[in-house]
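Numbers restart at 1 for each chain; the letters A, B, ... are given by sequence-line order, proteins then strands.
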Amino acid sequence: MGILENLYKMTAIQDIIGNPGYLLMLAIGAFLLYLGIRKQYEPLLLVPIAFGVILANLPGGNMGVVPSNLIELGEGHTKNLLEIAHDHGIMNFLYYSLIKTGFLPPIIFMGIGALTDFGPMLRNLKLAFFGAAAQLGIFTVLISAILLGFTAKEAASLGIIGGADGPTAIYTTIKLAPHLLGPIAIAAYSYMALVPVIIPLVVRLTCTNKELLINMKEMDKKYPSKVKIKNLRAVKIAFPIVLGIVVSIFVPSSVPLLGMLLFGNLIKEIGINVARLTEAATGSILNTATIFLGLTVGATMTAEVFLDFKTIMIIVGGFLAFAISIFGGVMAVKIANLFNKKKINPLIGATGLSAVPMASRVANDIALKYDSSNHILQYCMSSNISGVIGSAVAAGVLISFLQ
Amino acid sequence: MGILENLYKMTAIQDIIGNPGYLLMLAIGAFLLYLGIRKQYEPLLLVPIAFGVILANLPGGNMGVVPSNLIELGEGHTKNLLEIAHDHGIMNFLYYSLIKTGFLPPIIFMGIGALTDFGPMLRNLKLAFFGAAAQLGIFTVLISAILLGFTAKEAASLGIIGGADGPTAIYTTIKLAPHLLGPIAIAAYSYMALVPVIIPLVVRLTCTNKELLINMKEMDKKYPSKVKIKNLRAVKIAFPIVLGIVVSIFVPSSVPLLGMLLFGNLIKEIGINVARLTEAATGSILNTATIFLGLTVGATMTAEVFLDFKTIMIIVGGFLAFAISIFGGVMAVKIANLFNKKKINPLIGATGLSAVPMASRVANDIALKYDSSNHILQYCMSSNISGVIGSAVAAGVLISFLQ
Amino acid sequence: MGILENLYKMTAIQDIIGNPGYLLMLAIGAFLLYLGIRKQYEPLLLVPIAFGVILANLPGGNMGVVPSNLIELGEGHTKNLLEIAHDHGIMNFLYYSLIKTGFLPPIIFMGIGALTDFGPMLRNLKLAFFGAAAQLGIFTVLISAILLGFTAKEAASLGIIGGADGPTAIYTTIKLAPHLLGPIAIAAYSYMALVPVIIPLVVRLTCTNKELLINMKEMDKKYPSKVKIKNLRAVKIAFPIVLGIVVSIFVPSSVPLLGMLLFGNLIKEIGINVARLTEAATGSILNTATIFLGLTVGATMTAEVFLDFKTIMIIVGGFLAFAISIFGGVMAVKIANLFNKKKINPLIGATGLSAVPMASRVANDIALKYDSSNHILQYCMSSNISGVIGSAVAAGVLISFLQ
Amino acid sequence: MNQMGIAFELLGVGMITVFVILALVVILGNGIIMFVNKFIGEEPKVQAVDSSSPVVTINPQKLAAIVSAVSNVTKGAGRVTNVEKQ
Amino acid sequence: MNQMGIAFELLGVGMITVFVILALVVILGNGIIMFVNKFIGEEPKVQAVDSSSPVVTINPQKLAAIVSAVSNVTKGAGRVTNVEKQ
Amino acid sequence: MNQMGIAFELLGVGMITVFVILALVVILGNGIIMFVNKFIGEEPKVQAVDSSSPVVTINPQKLAAIVSAVSNVTKGAGRVTNVEKQ
Ligand code: NA
Ligand code: NA
Ligand code: NA
């Protein structure tokens with residue numbers, strides 16, 4: 001009968017039978033939801049990403065992000081947003097206006113900046129240096145990935161997972177290899193959620209008990225630092241301004257990320273006079289950006305794009321990038337300890353990774369397990385926060401050289 | 001004198017004299033404001049819509065939505081948003097970016113989902129079935145409208161008013177007959193506000209006293225249901241995920257609406273871990289979307305478009321669609337009662353209409369008038385909420401067959 | 001060595017050496033930050049503007065707004081937003097979508113309307129008339145600017161600074177002379193912050209002690225007004241509706257600004273039934289708009305555009321426009337006092353400038369210095385608020401005649 | 001097909017689909033309940049902080065007092081905005 | 001017309017318009033007040049909850065106490081953000 | 001240059017840049033601290049209202065009471081939403 005036939009045609013049953021990849025993707029979406037909801041792995045991002053995966057893989061729903069060659073018209077021209085919405089639906093409208101333009105990651109950085117307190121870093125400034133060594137995973141995995149057949153741009157996007165910073169990874173990938181956005185974002189946020197597993201693993205393989213017992217507060221008493229901060233508020237206001245200008249002169253392509261991070265931080269530190277702005281940056285703007293970032297990044301993972309050998313390589317490579325970055329931070333501390341009397345606990349190198357503030361909490365827990373009086377959280381936060389700056393700078397270098 | 005002449009030319013007095021339709025539209029806008037402010041008919045939507053009507057009909061104000069043929073450039077191309085803003089002002093910029101793209105209704109559905117509690121439905125699942133029968137008005141009015149000379153797309157947009165769901169009606173009309181958006185949105189929201197009048201009217205014409213006295217709690221005691229929910233939270237989290245996937249396979253074109261509704265509901269049920277997202281979805285996003293939806297929908301009602309015979313037909317047809325939907329729900333209960341010992345109060349069919357939660361409150365009041373111990377609110381909420389799903393599915397069918 | 005050479009090329013050091021204007025602009029940005037943070041000059045706007053200046057002048061950061069001829073493609077066509085984001089970065093994406101379209105100023109006016117209480121004006125309606133005379137600076141500075149070689153459009157944008165209303169100045173400049181947006185916005189907000197200096201200055205030069213001692217409350221007792229407001233709420237709801245319609249008929253081009261101002265005010269006055277909308281208009285929407293308005297307006301001030309003789313003329317002309325507007329208001333009161341027995345304190349003319357509510361506070365302080373019992377705040381608020389309407393109307397006239 | 005044909009087909013397809021979907025809602029809902037009952041079981045009693053179900057009751061006047069306190073402290077410039085309708 | 005002509009015409013048109021509009025503000029305002037006085041009358045005394053005009057006054061320290069309580073309960077992760085400037 | 005050449009150059013340029021920048025962070029940070037210590041000096045003791053550091057402590061149950069009061073007054077339609085995570 002005609003009606004039933006038309007009814008059947010309306011459904012997506014035929015599509016799913018024709019491409020069981022859809023079912024696999026739905027299962028992956030459900031698994032990511034499980035990780036986000038039950039395991040509480042970075043739920044703020046993983047839940048929207050997972051739901052985006054599901055929406056994108058409901059055939060006929062018109063909610064999957066289409067490859068950018070369907071948007072390009074040649075000669076540098078593209079469809080406009082009305083045409084994208086009309087031809088490809090609202091998810092592509094959102095993706096191409098908010099993500100492909102590179103808009104949301106700097107906006108999220110503004111919110112993160114307005115939630116970040118540079119105080120712990122300013123009180124232990126020297127430790128900030130270890131945020132540099134913990135970018136090692138980015139560049140070593142980049143080299144490995146090229147060896148394995150990735151293009152330089154793809155390899156850089158894979159490597160940046162080792163920066164352990166979601167928006168930075170997403171921004172870099174948008175600029176260099178947008179077709180890999182889904183798996184790279186998933187890997188970045190998943191491994192950030194797995195920091196309580198990865199840091200202890202690497203630390204156990206690289207550090208001796210004696211090193212892990214180094215007590216930072218005792219070291220501070222023995223070798224007190226000379227600088228006292230008399231006016232923390234003034235320092236905190238001046239710091240993002242000066243840092244922003246100087247860093248930007250050295251790595252101009254990091255301005256969209258670092259500039260917005262420091263702007264967010266500045267309005268936070270100014271305080272009550274611009275509290276309305278800080279409230280918006282950390283509230284409605286950040287939350288709205290998170291929803292749409294998650295859904296659209298998830299929606300890039302259509303069966304056609306995700307079920308690829310590169311996805312597996314990204315998952316493996318992302319893990320290595322994390323591990324090598326932690327290793328780099330630990331080694332830098334060990335080298336510093338060779339030359340200084342004032343010893344540093346290598347856990348403070350491990351937190352140079354970033355993944356603020358979870359890495360610091362994990363490191364603190366390890367330290368307390370070895371010596372229940374060795375509270376190192378405040379020290380860890382210094383390299384931890386500087387690790388955010390470090391990976392944004394690394395991203396700037398990659399974009400500047402490869403774009 | 002030259003100055004006074006130029007001054008007169010600057011005013012809109014000449015335009016208003018030339019087309020008194022403007023004054024009529026301003027009066028209609030004022031009347032809608034009266035309904036929204038004084039009569040408190042769905043003020044959250046009617047006030048912005050009414051103000052949009054006024055703004056659009058101030059000649060020279062450049063705030064009326066222009067027909068889409070002024071936006072189209074041929075060959076599937078349209079003006080871009082900068083060109084629209086430049087040529088037609090900010091209201092068209094908003095309308096074409098937020099409404100014509102189909103963006104806002106799913107966003108509002110996300111907020112509604114995050115405000116909806118599926119609990120009452122899950123506790124009385126069987127009653128959810130009556131949300132299906134109460135879509136009857138949609139399809140019968142569609143047929144009548146075609147008989148009266150509407151095109152199929154226009155008739156479907158008219159019929160969907162009988163789904164008693166504002167965003168669904170707007171979404172369907174955007175997709176099928178955007179030139180009728182204004183009157184259809186007004187009719188949908190006005191009749192939703194008139195539910196306390198329409199439901200008693202239809203119920204009085206179709207139900208006997210004996211039926212209205214059916215006491216649901218006593219029935220539950222006599223014929224207890226076997227299923228107990230041991231872990232409501234887990235059920236509430238699984239429900240939107242499973243439902244979303246299964247419904248989407250059957251009616252893919254309902255994904256933008258239902259998918260976002262269920263995403264909103266999911267983040268609500270996950271709770272504290274993603275509370276930031278829920279807060280944004282139900283707060284700043286929903287409120288902002290409501291303001292711009294209202295203003296732009298109102299601004300589609302320029303004198304040229306609104307003062308048309310079709311507007312009157314939409315007002316009449318919309319009422320019929322509502323009434324027939326309620327009738328359908330009531331009849332479905334009556335039929336079910338023929339075959340079951342466990343009788344159901346027909347008011348629970350009437351609330352299948354949707355218009356959550358007002359329909360349930362109205363039905364509960366009627367029941368209490370007949371028997372002051374017959375609290376049926378929780379039962380009504382089941383069919384009431386399922387009526388939202390029902391009309392979104394009906395919209396999906398219409399869009400899928402007619403677009 | 002190749003690496004170091006490439007490293008150097010990546011930095012912006014060469015650019016800064018090549019064009020020391022960048023350093024000057026960074027210093028100007030830092031100075032504006034100093035004004036906003038330390039001097040607390042309109043920090044909500046000046047801090048984002050200042051940061052925008054800094055971001056725009058970090059060479060290679062790609063955060064400066066480019067001239068619109070880089071966006072135009074000829075024949076009324078422009079690049080679309082994706083192309084703008086791709087070619088010129090996110091700051092241009094924001095500027096061209098939010099500012100060049102004329103979108104944000106009306107949105108900010110909606111928020112201001114929802115924060116404005118017309119009550120004081122309604123209680124002293126006659127004083128509202130003095131908001132007209134205080135627009136004198138707009139048109140006199142316009143004439144002077146043309147004499148000094150500005151085009152009519154540029155001169156109008158310069159003159160509108162004398163309206164002492166940030167969003168109005170920005171909206172007018174967007175429509176008439178967008179290349180001057182940066183300095184005009186800076187001048188408007190800076191002089192608004194300097195109202196505590198400018199008003200006393202002009203008042204001292206134009207008013208006698210006897211005039212400043214006129215006691216408004218005693219005058220009210222001597223010559224009581226006849227009208228009593230029985231139902232303030234109803235009046236406050238009707239006022240924005242009626243005013244909006246009537247003003248729009250006379251000055252249609254003021255609709256985007258005044259219409260949104262009055263819509264915001266209407267939802268505020270309706271109260272609890274639409275509180276969600278008011279909350280959005282005064283909260284997330286207004287705050288978000290302020291951040292992006294500030295950053296993008298700041299980002300228009302690239303070294304190439306800002307370091308121009310016109311900038312100095314704008315700074316001088318803006319001051320004159322403020323001073324002449326205050327003078328106009330004062331003179332209007334003096335003239336009115338010639339013909340009426342009920343004398344008016346000329347400070348109430350001075351506040352016709354607008355710059356709500358700071359102008360009123362300053363005027364009240366001056367009055368109290370002369371007579372510590374002469375509280376005139378409520379009276380000042382009447383002309384102060386009407387000054388907002390006055391400058392929006394003046395902007396409408398300018399746009400209507402010159403665009 | 002002519003317009004009326006489409007209209008009647010839509011009546012058929014539409015109502016069938018809606019009935020099928022809402023039947024699925026009932027079936028899936030029951031399925032989920034039974035699955036959860038069997039494999040996940042009872043909700044743990046001690047829950048995370050649930051701000052939507054406070055346990056202590058208090059004199060409503062205290063709320064007015066709070067609002068008032070906010071107003072006093074901020075000299076009229078602040079107000080409690082977020083007792084929002086849900 | 002030359003630029004100066006436009007400028008002087010704008011001075012005339014602009015100031016006339018502004019004066020006319022603000023005269024209309026006065027006239028319409030008075031008209032609305034009189035219309036409301038005559039046809040709508042007194043505002044009902046018992047109003048809906050008006051959160052912007054609290055009646056009870058309280059020691060401002062209580063606000064600090066509330067903020068503190070929030071801070072305690074949420075272990076430093078929460079804070080009262082919405083005592084916002086209006 | 002071939003891909004591997006680029007890769008190794010990026011390793012060099014990237015790590016050098018990151019080290020240089022974080023060295024600058026340390027240097028600039030110390031510079032700012034010293035500048036502020038010398039030219040701006042101590043923070044004034046009596047500060048503007050700082051809502052993030054309340055001084056009075058209170059029984060956490062009072063918070064529940066407040067939430068409850070809000071709930072009571074608004075008959076379930078309102079809730080305290082803004083004890084937000086930071
Ligand atoms: Na990092
Ligand atoms: Na319905
Ligand atoms: Na003014």
Working note: E/Leu10 + C/Leu398, criterion side chain to side chain contact (heavy atoms under 4.5 Å, CB included); need CA distance, chi angles, decisive distance, verdict. CA-CA 7 Å; E/Leu10 275 172; C/Leu398 295 175; 4.1 Å; yes

Indicate the atoms forming the closest heavy-atom contact of C/Gly131 with E/Val18, along with that distance. O-CG1, 4.5 Å

Measure across C/Phe150 and E/Gln3 and return the closest heavy-atom pair with its distance rounded to 0.1 Å. O-OE1, 4.2 Å

Between [X] and chain E, which part of the residue has a heavy atom less than 4.5 Å away: side chain, backbone, both or neither?
X        : result
C/Val246 : side chain
C/Ala145 : neither
C/Leu136 : both

Would you mind telling me which of [options] has the largest number of heavy-atom pairs within less than 4.5 Å of chain E?
options                                : answer
C/Ala133, C/Ala392, C/Ser391           : C/Ala133
C/Val235, C/Leu147, C/Val397           : C/Val235
C/Leu402, C/Ile143, C/Ile229, C/Leu232 : C/Ile143
C/Leu122, C/Leu142, C/Thr140, C/Val242 : C/Val242

How long is the gap from CG on E/Leu22 to NZ on C/Lys126, to the nearest 0.5 Å? 15.5 Å

For the side chain to side chain contact (heavy atoms under 4.5 Å, CB included) test, which of E/Ile32, E/Ile21, E/Leu24, E/Val25 pairs with C/Leu243? E/Val25

For E/Ile33, which atoms come within 4.5 Å of any heavy atom of chain C: side chain, backbone, both, or neither? both

Applying salt bridge (Lys or Arg N to Asp or Glu O under 4.0 Å), name anything that partners C/Lys334, two or more places apart in sequence or on another chain. C/Glu211

Does anything in residues 2-34 of chain E form a ring pair (Phe, Tyr, Trp, His ring centres under 6.0 Å)? List the pairs, not counting sequence neighbours. C/Phe129-E/Phe19

Within a radius of less than 6.0 Å around CZ of C/Phe327, do more than 12 heavy atoms belonging to other residues, nucleotides or ligands occur? no

With no hydrogens and no angle check, is any side-chain donor or acceptor of E/Asn30 less than 3.5 Å from a backbone partner on C/Leu125? no

Ranked by heavy-atom pairs below 4.5 Å to chain C, first place among E/Asn37, E/Ile27, E/Leu11, E/Ile40 goes to E/Asn37

Worked check of side chain to side chain contact (heavy atoms under 4.5 Å, CB included) between E/Val36 and C/Lys230: CA-CA 8 Å; E/Val36 168; C/Lys230 287 190 194 159; over 6 Å; no

